[in-house]
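Here you go, one structure.
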Amino acid sequence: MSGRALPRSFFARDSRELATELLNKVLVRRVAGEPTLAARIVEVEAYRGADDAGSHAFRGRTPRNATMFGPAGHLYVYFTYGMHWCANVVAGEPGTASAVLLRAAAPVEGIDVMRARRLKGRPTKLRDRDLLSGPAKLCEAFGITGTLDGADLTRRTAAGDLRLLDDGTPPPAVPLVTRRIGLAAGKGDEHPWRFCVPGDPNLSR
DNA sequence: TTTCGGATTCACT
DNA sequence: GTGAATCCGAAAT
């Protein structure tokens with residue numbers, strides 16, 4: 001997978017704008033001695049700190065959400081439902097606590113590794129389109145856990161190399177926009193801040 | 001210190 | 001379509 005690594009300036013803007021721009025960008029994970037993993041992002045959600053009841057940062061900074069309050073271009077990883085990890089890209093200026101949840105992607109490279117991680121020995125079959133079609137699925141397939149919370153997406157890190165690349169594919173001219181998934185009624189679910197590549201088979205649910 | 005519920009997924013009906 | 005799995009952060013006590 002080749003392309004231009006996205007610089008810090010790309011991430012340092014409003015999370016809703018960043019969300020639409022992340023569509024069709026390529027997430028790449030390189031770890032020494034392992035096959036490269038690559039996937040095209042097809043579904044994201046924007047979250048904001050102060051005025052977004054659906055955001056982990058709504059009630060202010062805590063040890064858990066500290067990464068969201070830091071500089072853009074870092075990965076905010078959190079654990080939920082007692083078993084799942086989800087990953088966000090931090091947006092905006094430090095202190096705004098905004099981020100973009102990576103919800104689904106299309107597998108591009110390293111598909112066998114992704115499938116093995118997703119199956120975890122289960123006897124079921126998984127189509128390619130089921131490998132990354134949800135925020136926790138994406139993390140499982142990419143091996144993203146809490147140890148990568150705070151990782152800088154614009155630099156090589158000790159944990160390996162996790163980057164976002166622009167391979168020249170533009171975001172969709174007209175993204176599919178819906179309400180965000182999984183939020184309780186009245187807790188930010190009213191905002192239409194989910195953005196998708198229209199018609200993509202790898203979308204969640 | 002206890003309680004509550006979650007930015008989900010999967011197996012099963 | 002429904003329910004179980006399963007842990008932790010944060011609010012409530």
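Side chains are part of it too, since the values below use all heavy atoms of this structure and drop only hydrogens, waters and symmetry mates. All chains are named by letter (A, B, ...) in the order of the sequence lines, taking the proteins before the strands, and each is independently numbered beginning at 1.
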*In whole angstrom, what separates A:Arg103's CZ from B:dT9's C1'?*
12 Å
_Protein-nucleotide distance (A:Arg127, atom CZ; B:dC10, atom C1'), rounded to Å_ = 14 Å
*Atom-to-atom span, CZ of A:Phe79 to C1' of B:dG6 - whole angstrom*: 11 Å
*Among the clusters formed by ILVMFWY side chains lying less than 4.5 Å apart, do A:Leu6 and A:Leu102 turn up in the same one?*
yes
*For A:Glu45 and B:dT8, give me the distance from atom CD to atom P, rounded to whole Å.*
7 Å
*When you check the phosphate oxygens OP1 and OP2 of C:dA10, does a side-chain N or O of A:Arg59 lie under 4.0 Å from one of them?*
no
*Provide, to the nearest angstrom, the distance between the CZ atom belonging to A:Arg64 and the P atom belonging to B:dG5.*
15 Å
*Within the structure shown, what part of the strands sits under 4.0 Å from A:Gly134 by heavy-atom distance: base, sugar-phosphate, or nothing?*
sugar-phosphate
*asked:* If I take atom CG from residue A:Asp166 and atom NZ from residue A:Lys25, how far apart are they, to the nearest 0.5 angstrom?
replied: 4.5 Å
_Determine whether the aromatic ring of A:Tyr47 stacks with the base of B:dA7, defined as ring centroids separated by less than 5.5 Å and ring planes inclined by less than 30°._
yes
*What nucleic acid atoms does A:Thr124 come within less than 4.0 Å of, heavy atoms only: base, sugar-phosphate, or nothing?*
sugar-phosphate
_Applying the Watson-Crick and G-U wobble criteria at under 3.5 Å, what pairs with C:dG1? Answer none if nothing qualifies._
B:dC12
*Say whether A:Thr67 and A:Asp149, considering side chains only, have a donor N or O and an acceptor N or O under 3.5 Å apart.*
yes
*Between B:dT8, C:dA11, B:dA7, which nucleotide gets closest to the side-chain atoms of A:His56?*
B:dA7
*Touch class at under 4.0 angstrom, heavy-atom based, for A:Arg205 against every strand present*: nothing
*Return the nucleotide paired to B:dA7: Watson-Crick means purine N1 to pyrimidine N3 with N6-O4 or O6-N4, wobble means G-U with N1-O2 and O6-N3, both under 3.5 Å.*
none
_Closest to side chain of A:Met83, choosing from C:dA5, C:dA10, B:dA7_ = C:dA5
*Whole-Å distance separating the CG atom of A:Asn88 from the P atom of B:dT8*: 11 Å
*In terms of side-chain geometry, is the basic nitrogen of A:Glu34 or A:Arg117 positioned less than 4.0 Å from the acidic oxygen of its partner?*
yes
*Given C:dC8, C:dA5, B:dT9, the nucleotide with the shortest approach to the side chain of A:His84*: B:dT9
*Is it the case that A:Thr178 and A:Arg194 place a side-chain donor and acceptor less than 3.5 Å from each other?*
yes
*What distance, rounded to whole Å, do you find between the two P atoms, one in C:dG1 and one in B:dA7?*
23 Å
*With respect to the side chain of A:Arg118, which nucleotide from B:dT8, C:dA11, B:dC10 is positioned closest?*
B:dC10
*What nucleotide, of B:dT9, B:dT8, B:dA11, holds the atom closest to the side chain of A:Tyr81?*
B:dT8
*Just checking A:Arg180: base, sugar-phosphate only, or nothing, at a heavy-atom cut-off of under 4.0 Å?*
nothing
*Has A:Arg8 got its NZ or CZ under 6.0 Å from the middle of the six-membered ring of A:Phe11, at an angle within 45 degrees of the ring axis?*
no
_Go nucleotide by nucleotide along DNA chain B from the 5' end; which of A:Glu140 and A:Leu183 gets its closest nucleotide reached first?_
A:Leu183
*Roughly, in whole Å, what's the span from OH in A:Tyr78 to P in C:dA10?*
13 Å
*Where each residue is assigned the nucleotide of DNA chain B containing its nearest heavy atom, which of A:Asp130 and A:Ser55 is assigned the position nearer the 5′ end?*
A:Ser55
*Could you please name the option among B:dT8, C:dA10, B:dC10 that lies closest to any side-chain atom of A:Lys137?*
B:dC10
*Take the protein atom CG of A:Leu138 and the nucleotide atom P of B:dA7, then report the distance between them rounded to whole Å.*
17 Å
